[in-house]
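Working notes, beginning with the structure itself.
Note that the coordinates shown come from a computational prediction; the quantities given were computed from them, not determined experimentally.
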Amino acid sequence: MSLNRPALALAAAVTALAAVSGVAAVTTSADGAGTPSASSAERLPVQRSTLVCPQPSTSELGETHLTAFTPGGGSGGSDGGEADAGLLPAVSTLDNGGTDRRGEDAEPLVPLTEPGTPAVHSADSTEVPALSGTATGALAPGWTVQQTTVIPGGGGRGMLGVACSAPDTRFWFAAVSTAEERLDYVHLTNPDEAPATVDLQLFGPEGLVETESGTGITIPAHSTVPVLLSTLTPEPLEDVTLHVAARAGRIGAQVQALDEERGADWITPVAGTTGPVVIPGIPGDATEVRLTAFTPGDSDVRLSVALAGATSSFTPAGQETLQVKSGMTTSVALQDLTRGEPASLVLTPEEGTADATVVAAVRVTRGGDGEDGEDGDGQEIAFLPSTAPVEERTTAAGSSRKGSTLFLTAPGEAAKVKVTASPGAEGGTPADRTVELKPGTTTAVDDLVPEGGDGRFALTVERLSGGPVHVARMLEQTEDGVPMFTLQALSDDRGTVAVPPAREDLSILTEND
């Protein structure tokens, strides 16, 4: 596969997404007038959303919490139809690829009953398989499911957090590894009735890594297949970029990264964007930040590096620029990056490469040596990919009263957002706050919680005005002196879709899956 094909495929995927997300029949007038202009399109709430969740963990020490939430105020079910939202187990290869574990009488996990109120399911991690499900009606617009697993010790120790994602055909992952101390598994889950065929490509510092075992992987219907990335390459590589492409069907894809010394977490797909690349939400007490970047285009890209801090933007000393060669993974360790305050990385392609696609992510380390003095024993890692700006709204489900921090970044112009804390799963009253973001800054919000009640809740960010806004969320807790945490970049919830007006009263399908 040539290196420019992913960019072409991305454009095709966007076209296909528009086809399934909002379809309207358009008539042509007698004078030959064609399709109405995009500016006249109406935004309608989606009526169907599909999500895929990977299998949390096989550790007997782990506990997993699933939190489902749909923001209130949606009108997806205004036509009087029924609303429904729930996740069902997928077939697991750990069951020898046997019969569908869901069965006819299977009860959905975390069934949602109404918008605005979260639903929670907690269980031992070994009892939670990979999941897929669909929300319809008023529960579809912005349906979000958060999966958080805490493993206090042993292999895979850490807090592993991931938002269940919509299935797609192509994914890019930065900051994965096939090093000897890492066990990185890409989890491929097929939510549909037909098999999917998937190809995996790895790009290291020298370019494409030759492999035959990553080609033509079959994912049966309603199945999940984990693939250990180190089996795809004959030599270990510390920093690798992974490309996942479904040549038939569609899948959900997430990478579970296990470090022998520094814990574990999920790596989520990168939003491959042109123009400024923003990685929001690096905590102020990070002891190490390792940046990995890749461009699939035909030309090298030179990036100007800036940090959007609490009060202003600045350039890290000695790290003013980063040269990314075409088709080759570039990585750099950024020491003493945040100066003790939360910040976001802003990577801007220099003149002549503004249209280049760049995928990037960071590995963030917190903590130091453990009580016994061994390297890494008191450290924990998490991963944070670049993300697109929030167009209208995004939600972080599964937040807790202690140890939840929201990061809001305005990399260019000033902006204004509204942040709402939902009721908890065990009651309470919503609370909200309007936050004004200064240009080139990152604002941390860690004290907005529901009034009264208890249980996990959701934080919803609505963009009100101004320039682009990027959002991330950190969950953290301390176990035996280890600062366990997980970072997640939040994308727009795609709760609405633009549908051009029809000249006749025609049925409209709005779907987000």
> Under 4.0 Å between a Lys/Arg side-chain N and an Asp/Glu carboxylate O for Arg433 and Asp447?
Replying inline: yes
> Is any side-chain N of the basic residue among Arg182 and Glu238 closer than 4.0 Å to the acidic one's carboxylate O?
Replying inline: no
Interatomic distance, [X] atom [atom1] to [Y] atom [atom2] [nearest 0.5 angstrom]:
X	Y	atom1	atom2	value
Leu487	Thr268	CG	OG1	10.0 Å
Gln488	Leu406	CD	CG	11.0 Å
Leu51	Ser132	CG	OG	9.5 Å
Leu237	Thr241	CG	OG1	10.5 Å
Met328	Thr295	CE	OG1	12.0 Å
Thr496	Leu44	OG1	CG	8.5 Å

> Just wondering, are more than 12 heavy atoms of other shown residues or ligands nearer than 6.0 Å to CD in Glu206?
Replying inline: no
> Is the CD atom of Glu391 crowded by more than 12 outside heavy atoms at less than 6.0 Å?
Replying inline: no
Counting N and O atoms only, with roles assigned by atom type, does the side chain of [X] sit under 3.5 Å from a partner on the main chain of [Y], one being a donor and the other an acceptor?
X	Y	answer
Thr442	Ala343	no
Thr329	Phe294	no
Asn190	Ile219	yes
Gln477	Lys402	no

> Where do Thr178 and Ser230 land on the side-chain hydrogen bond (donor to acceptor under 3.5 Å, both in side chains) test, with the steps shown first?
Replying inline: CA-CA 5 Å; Thr178 62; Ser230 61; over 6 Å; no
> What residue among Thr387, Val358, Leu242, Val359 forms side chain to side chain contact (heavy atoms under 4.5 Å, CB included) with Val270?
Replying inline: Val359
>> Exactly one of Leu307, Leu384, Thr338, Thr409 should register a side chain to side chain contact (heavy atoms under 4.5 Å, CB included) with Leu345. Which one does?
In response: Leu307
> Closest approach of Arg43 and Ala498, non-hydrogen atoms and distance?
Replying inline: NH1-CB, 3.7 Å
>> Restricting to non-hydrogen atoms, name the atom on Ser313 and the atom on Gly440 that form the minimum distance, rounded to 0.1 Å.
In response: OG-O, 2.7 Å
>> Between Ser331 and Thr292, does the side-chain hydrogen bond (donor to acceptor under 3.5 Å, both in side chains) criterion hold? Intermediate values first, please.
In response: CA-CA 4 Å; Ser331 58; Thr292 301; 5.1 Å; no
> Judged by modelled atom types alone, do Asp493 and Thr395 share a side-chain donor-acceptor pair under 3.5 Å?
Replying inline: no
>> Between Thr67 and Gln146, is there a side-chain donor-acceptor contact under 3.5 Å, judged purely by atom types and distance?
In response: no
>> As a quick check of understanding, evaluate side chain to side chain contact (heavy atoms under 4.5 Å, CB included) for Glu181 and Asp259, giving each step before the final call.
In response: CA-CA 6 Å; Glu181 68 273 12; Asp259 189 291; 4.1 Å; yes
>> Is the ring pair Trp266/His187 parallel, tilted or perpendicular, if the boundaries are 30 and 60 degrees?
In response: perpendicular
